[in-house]
2 protein chains.
Amino acid sequence: MAADKENSAHRSGCPINLTLEVLGDKWSLIIVRDMMFGNRRHFRELLSQNEEGIASNILADRLRRLMAEGVISKEDDPSHKQKAIYSLTEKGIELLPVFAMIGAWGRKWLPASEALSVRARLLEEGGPALWDEFMEELRVEHLGAPPHAGRPGPGVRARLQAAFEAVAGGEENAPAT
Amino acid sequence: MAADKENSAHRSGCPINLTLEVLGDKWSLIIVRDMMFGNRRHFRELLSQNEEGIASNILADRLRRLMAEGVISKEDDPSHKQKAIYSLTEKGIELLPVFAMIGAWGRKWLPASEALSVRARLLEEGGPALWDEFMEELRVEHLGAPPHAGRPGPGVRARLQAAFEAVAGGEENAPAT
DNA sequence: CAGTTCTGATTGCATCTTGCAACTGGTTGT
DNA sequence: ACAACCAGTTGCAAGATGCAATCAGAACTG
């Protein structure tokens with residue numbers, strides 16, 4: 001049923017337009033963000049731990065669309081017959097630079113909260129080198145790629161999370177790890 | 001001017017979420033794209049020369065929202081008592097890196113047409129240096145900033161347009177200058 | 001100076017999308 | 001057996017979108 005992906009008559013062949021046709025709504029990128037930076041992989045995690053309060057039918061619909069577009073994938077959780085694990089594909093992982101730029105713009109021009117801006121700031125300051133390191137990490141976690149040798153210490157997400165908690169600790173309840 | 005920007009009860013203070021609340025729909029970025037890369041400054045130009053066929057009521061609504069958010073501004077055209085000129089603000093101009101990243105992703109992962117991908121490719125290859133040059137150019141055109149001395153030859157948009165026409169010339173009718 | 005065209009929009013209406021709350025069928029833990 | 005948990009689905013109201021027609025004022029055209 002997901003075989004018909006190309007026949008849906010795009011508005012135009014412009015790369016920006018095509019991207020907007022896939023991701024141009026208020027929820028799709030929020031879900032990818034939670035998977036990427038919050039490491040949420042199950043339906044319930046994406047539903048209940050979502051900062052913005054997504055509805056379950058919207059979540060189900062967007063997960064379906066993102067799968068059809070090949071941005072994420074879904075497998076059975078071997079430990080729980082009923083649990084599904086959602087993963088980013090390479091196509092999804094490579095949205096990281098887009099997030100970095102969007103985060104930088106939002107941090108500069110919109111009333112972003114101090115705590116939630118820390119990740120964006122670090123990602124911006126780290127530049128392409130940090131993005132590459134994070135993307136490598138995501139490939140290990142989501143695609144099962146072999147881990148890079150000679151890269152000890154906490155991963156990029158752990159570092160971003162630690163920085164967030166250092167700022168958020170005193171002002172609000174920190175979300176579960 | 002837009003004094004009531006903070007009171008609209010955001011879903012969350014996350015920079016990515018806030019950006020999506022402003023630009024997360026299928027048309028807003030299309031309009032900014034046409035203003036930025038197509039140099040369209042009038043309602044009619046944005047309406048009739050739009051590749052994707054935006055409806056006039058949607059265009060009017062989005063122009064209103066983008067103005068309320070401070071991404072664009074509107075002035076009277078002195079030559080025509082009825083014409084309005086829309087301009088990018090600094091906030092709007094600084095969306096360029098976001099476009100560059102979105103364009104790069106769309107070009108790589110979606111079925112973008114050859115001709116319409118050329119601009120995205122050049123923007124990607126040019127990197128931050130080219131983006132800065134283009135943003136300076138936009139500041140001159142849209143904000144009335146003094147032009148940089150010692151930068152002769154065609155501007156960035158003209159170069160992107162020339163590259164587009166070189167590819168599109170043989171396969172389709174080129175849009176009017 | 002009448003008629004046509006051009007300007008930036010607005011209106012009505014049908015259809016698609018979104019949001020909320022309740023609910024389902026099955027699984028797991030006690 | 002029973003409650004809690006899992007990934008969703010369903011029904012319905014409200015809002016957003018798309019299309020075509022229309023509008024009023026300003027500007028060219030003869």
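We name chains A, B, ... by the order of the sequence lines, and we start the count at 1 in each one.
Listed by chain and residue number, B/S28, B/R62 satisfy the side chain to side chain donor-acceptor pair (under 3.5 Å) test with B/D25 (two or more places apart in sequence, or in another chain). Judged as a side chain to side chain donor-acceptor pair (under 3.5 Å), and not counting sequence neighbours, A/D132 has no contacts. Remark: A/R44 engages no residue in a side chain to side chain donor-acceptor pair (under 3.5 Å) (not counting sequence neighbours). Under the side chain to side chain donor-acceptor pair (under 3.5 Å) criterion, A/E45 pairs with no residue, sequence neighbours left out.
Distances shown here put every side-chain N or O of A/R41 at or beyond 4.0 Å from the OP1 or OP2 atom of D/dA7.
In this structure, B/E141 does not pair ionically with B/R41, as no charged nitrogen and carboxylate oxygen lie closer than 4.0 Å.
Sequence neighbours left out, the pairs with a member in residues 27-69 of chain A that pass ring-ring contact (aromatic ring centres under 6.0 Å, His included) are A/F37-A/F99, A/F37-A/F134. Counting only residues at least two apart or on different chains, the side-chain hydrogen bond (donor to acceptor under 3.5 Å, both in side chains) pairs with a member in residues 102-112 of chain B are A/E94-B/K108, A/E94-B/W109, B/R107-B/E124. Pairs engaging residues 70-89 of chain B under the salt bridge (charged side-chain N to carboxylate O under 4.0 Å, His left out) rule: none recorded [sequence neighbours left out].
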Along nucleotides 17-30 of chain D, 5' to 3', which nucleotides get a B, which get an S, and which get a -, given that the test is a protein heavy-atom distance under 4.0 Å? SBB-B--BBSS---

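One atom, CD of A/Q49, and another, C1' of D/dA7, lie 15 Å apart when rounded to the nearest Å. If you take CG of A/D76 and C1' of D/dA7, they are 11 Å apart, rounded to a whole angstrom.
With a heavy-atom cut-off of 4.0 Å to chain A, the contacted part of DNA chain C has its first and last nucleotide at C/dT18 to C/dT28.
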